[in-house]
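Single-structure report; data block below.
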There are 2 protein chains.
Amino acid sequence: MKDPAPSRPARLADVARLAGVSAATASRALNGSDRGVREANRVRVLEAAKSLGYTTNIAAQAVARGRARGVTLVVKGMPDDYANPITAGVVSATQRRGLPFTLILAGTAPADLVEAVNLVRSHRPEILVIAGGRATDDVTIPALVEALRRYEAEGGRAVLITQEGLPFDTVAYANRKGGYDMATTLAGLGYRNFAVVSGFKHGITQRDRTEGFVAGLADAGIELPADRILIGDFNRDAAYAMTGDLLRRNVAVDAIFAVNDSMALGVLTFLRDTGDPRRVAVAGFDDIKALRDVTPSLTTVHLSWEQVADEALELAVSPRSDSPRTRVVEGHVIVRESTPPVVS
Amino acid sequence: MKDPAPSRPARLADVARLAGVSAATASRALNGSDRGVREANRVRVLEAAKSLGYTTNIAAQAVARGRARGVTLVVKGMPDDYANPITAGVVSATQRRGLPFTLILAGTAPADLVEAVNLVRSHRPEILVIAGGRATDDVTIPALVEALRRYEAEGGRAVLITQEGLPFDTVAYANRKGGYDMATTLAGLGYRNFAVVSGFKHGITQRDRTEGFVAGLADAGIELPADRILIGDFNRDAAYAMTGDLLRRNVAVDAIFAVNDSMALGVLTFLRDTGDPRRVAVAGFDDIKALRDVTPSLTTVHLSWEQVADEALELAVSPRSDSPRTRVVEGHVIVRESTPPVVS
DNA sequence: AATCCTAGCGGAAAGGCTTTCCGTCGTTGC
DNA sequence: GCAACGACGGAAAGCCTTTCCGCTAGGATT
């Protein structure tokens with residue numbers, strides 16, 4: 001137990017020797033296998049391992065097995081965005097299943113994602129989950145598809161958490177419907193003059209949410225002038241700035257729909273920094289946890305990210321199917337203080 | 001470029017064959033080495049790799065080299081706590097240096113941390129960073145120290161982001177001083193009746209912050225009755241509940257210091273949910289990003305987590321020293337709306 | 001008692017990469 | 001024109017684990 005720290009890690013052969021068995025038996029005893037090991041030997045191996053402070057060399061294990069255990073998640077974008085609910089969901093879903101977890105961050109440029117997938121390929125994990133919306137003008141899609149194809153051909157299982165449409169198992173969430181429902185809800189509350197704070201032009205997530213919202217308004221008999229749809233970066237600070245641009249134009253607006261909660265918070269904070277936030281209603285999308293602590297509490301589309309992540313892992317561990325499967329998780333509108341009923 | 005997806009990943013030998021060189025040369029060309037490779041060969045190898053869609057098998061590389069490139073971060077606690085600034089800091093510091101990053105989550109029990117370190121050992125990464133405070137009554141410290149000793153003896157570099165005191169390179173942040181400064185600042189603003197919302201009993205972070213705060217009050221001639229220090233779990237929801245307990249006791253309190261921002265948000269939200277938030281001042285600690293979007297904006301102790309993470313990596317990549325080094329990062333109080341000057 | 005199974009074990013190969021050690025070849029210096 | 005040297009390529013020996021396959025011993029079966 002207290003031997004002087006070795007200058008190289010104990011390896012399986014050391015354990016085997018100390019336990020008086022072969023490396024093969026030690027391997028079976030330590031890291032499981034269908035083959036049986038006599039109880040007495042199993043115990044001796046475990047004790048030997050403990051006394052040597054042995055830990056399996058995961059890299060060697062991965063080489064021998066041809067694949068590393070666990071889930072690798074690729075996330076687009078910045079790490080300090082506290083409002084990344086997908087990551088949190090995947091992490092905890094992975095934990096629940098007792099799978100090792102690795103996070104790889106990709107840059108925000110489309111090509112970065114391809115690069116990240118290839119980095120993942122070099123790790124050879126069993127499961128690869130990619131989170132984050134696509135863009136319509138993404139010229140790297142063919143390259144991405146090819147990289148993922150290769151990954152799957154090599155025996156990995158890829159699942160996308162994003163819009164449907166790529167030839168891989170996908171968990172999507174109902175962006176369009178969420179936007180639609182939000183629109184009808186807000187209209188039902190009495191709002192009439194809307195603006196949408198949206199993300200950069202070609203992002204499919206923001207496009208779908210925006211289109212759904214516009215469609216919902218239309219069905220409620222409200223038309224949204226094109227100049228009321230603001231386009232900027234897909235984050236809080238951009239939303240903050242866009243709100244300023246909007247209000248400086250002095251247009252009549254009584255409700256702003258931001259295509260995600262982070263952006264809604266930017267809108268809310270801008271309104272607060274410059275006047276009474278109650279004057280203009282604000283709604284978001286995602287229902288991130290941070291919403292609990294802001295005032296007014298924010299109306300949003302609730303999405304169960306836990307469920308999204310769970311379905312993703314379920315797809316990943318289920319037997320491979322011949323054609324890609326898609327699961328869609330639906331959200332529902334939660335009305336809170338930021339959109340009080342309009343009294344007229 | 002467009003060969004049908006292979007059923008097994010291309011390996012180095014395939015690249016070498018296609019390029020018409022040996023595996024040794026291909027290795028040198030692709031993954032660097034002190035040895036030179038003739039330019040013409042280098043180019044041919046790179047082209048061959050590209051056309052085969054080759055990615056280095058990182059596991060095999062790690063086996064051969066005896067160590068895996070990159071940084072592994074061990075974090076204690078829940079993933080969905082959006083207010084974990086250390087993780088964000090380490091992730092982006094790691095990105096900046098172009099190092100591969102892996103995240104391992106440990107449970108909240110002390111023994112989980114030891115287990116996590118051993119899991120890391122089995123990955124054999126160059127650098128291990130552990131984030132998260134210790135507890136005074138942690139009986140697993142010897143086991144933790146032994147696991148880390150082994151890791152370092154095996155050639156790894158461990159850095160702790162936590163309180164000083166363990167025999168490893170450490171980046172600490174000035175908890176006591178921050179608490180002290182916060183106390184004198186609040187006293188200077190005119191507050192007299194304080195309460196502290198603190199985390200579970202034996203956590204050193206919360207203890208130091210609390211003790212510093214008490215000391216600061218004492219130096220300002222204010223005594224804090226013991227029953228004004230509330231102990232609960234170290235998170236927002238517990239703080240929310242504790243605030244209720246406190247106010248139900250109907251004690252005179254005009255300012256509450258929460259030992260971190262997450263908890264301060266819980267306090268703030270409780271106050272808001274049940275009355276006028278302005279009645280009691282609230283201060284936190286950490287200056288997490290989410291603060292920007294709450295009202296009233298929160299007085300807190302700003303800590304540069306980027307700097308903390310940066311110093312940690314700097315320690316990790318610098319030559320090993322014979323005795324453990326400690327760097328302390330200091331914070332400073334930022335007064336915001338949640339603690340307006342007292343008018344008397 | 002003779003035969004057949006089966007569980008358990010060990011030797012050895014495989015898995016993909018790095019790195020050392022030589023050998024070769026072209027270049028430099030005199 | 002020759003010797004010495006430096007640069008580079010390749011064969012092969014690792015690195016550590018898993019897994020295939022063959023073998024033994026002991027129990028079950030008849």
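Labels below follow one simple rule: chain letters A, B, ... track the order of the sequence lines, proteins then strands, and each chain is numbered from 1.
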**OP:** Could you tell me the separation between the CZ atom of A/Arg42 and the P atom of C/dC9, rounded to a whole number of Å?
**Re:** 11 Å
Original post:
Tell me: CD1 of A/Ile58 to C1' of D/dC15, nearest whole Å?
Top reply: 16 Å
Original post:
Does CD in A/Glu126 sit with more than 12 non-hydrogen atoms of other residues, nucleotides or ligands closer than 6.0 Å?
Top reply: yes
Subject >> Atom-pair distance (CZ on A/Arg17; P on D/dC16), nearest Å >> reply: 12 Å
**OP:** Tell me which nucleotide among D/dT19, D/dG10, D/dT18 gets nearest to the side chain of B/Val21.
**Re:** D/dG10
Original post:
From D/dT17, D/dG9, C/dC17, pick the nucleotide closest to the side chain of B/Arg11?
Top reply: C/dC17
Subject >> Out of D/dC16, C/dT19, C/dC9, whichever nucleotide has its closest atom nearest the side chain of A/Arg38 >> reply: C/dC9
Subject >> Side chain B/Asp14, main chain B/Arg11, donor-acceptor under 3.5 Å >> reply: yes
Original post:
Any side-chain N or O of A/Tyr54 less than 4.0 Å from the OP1 or OP2 oxygen of D/dC16?
Top reply: no
**OP:** Decide yes or no on salt bridge (Lys or Arg N to Asp or Glu O under 4.0 Å) for B/Arg150 and B/Glu146, but give the supporting numbers first.
**Re:** CA-CA 6 Å; B/Arg150 283 207 146 99; B/Glu146 188 188 334; 2.6 Å; yes
Subject >> Side-chain (A/Asp169) to main-chain (A/Arg325) donor-acceptor, under 3.5 angstrom >> reply: yes
Original post:
Atom CG of B/Leu12 to atom P of C/dC17: distance rounded to whole Å?
Top reply: 5 Å
Subject >> Value in whole Å for how far the C1' atom of C/dA14 lies from CZ of A/Arg65 >> reply: 15 Å
Original post:
5'-most contact on DNA chain D: A/Ala26 or B/Ser22, nearest heavy atom basis?
Top reply: B/Ser22
Original post:
Considering only C/dC17, D/dT17, C/dG11, which nucleotide approaches the side chain of A/Asn31 most closely?
Top reply: D/dT17
**OP:** Give a yes or no on whether a donor-acceptor pair under 3.5 Å exists between the nucleobase atoms of C/dG10, that is its base, and the side chain of A/Arg28.
**Re:** yes
Original post:
Which of the following nucleotides, C/dG11, D/dT17, D/dG10, is nearest to the side chain of A/Asn57?
Top reply: D/dT17
Original post:
For the side chain of A/Thr25, counting heavy atoms from C-beta on, which of C/dT19, D/dT19, C/dG10 is nearest?
Top reply: C/dG10
Original post:
Starting at CD of B/Glu39 and ending at P of D/dA7, how long is that distance when rounded to a whole Å?
Top reply: 16 Å
Original post:
Would one find more than 12 heavy atoms of other residues, nucleotides or ligands at under 6.0 Å from atom CD of B/Glu152?
Top reply: yes
Subject >> Separation of atom CG in A/Leu30 from atom P in D/dT19, rounded to whole Å >> reply: 14 Å
Subject >> Out of C/dG10, D/dT18, C/dC17, whichever nucleotide has its closest atom nearest the side chain of A/Ser27 >> reply: D/dT18
Subject >> Distance in angstrom units between B/Arg69 CZ and C/dT18 P, rounded >> reply: 12 Å
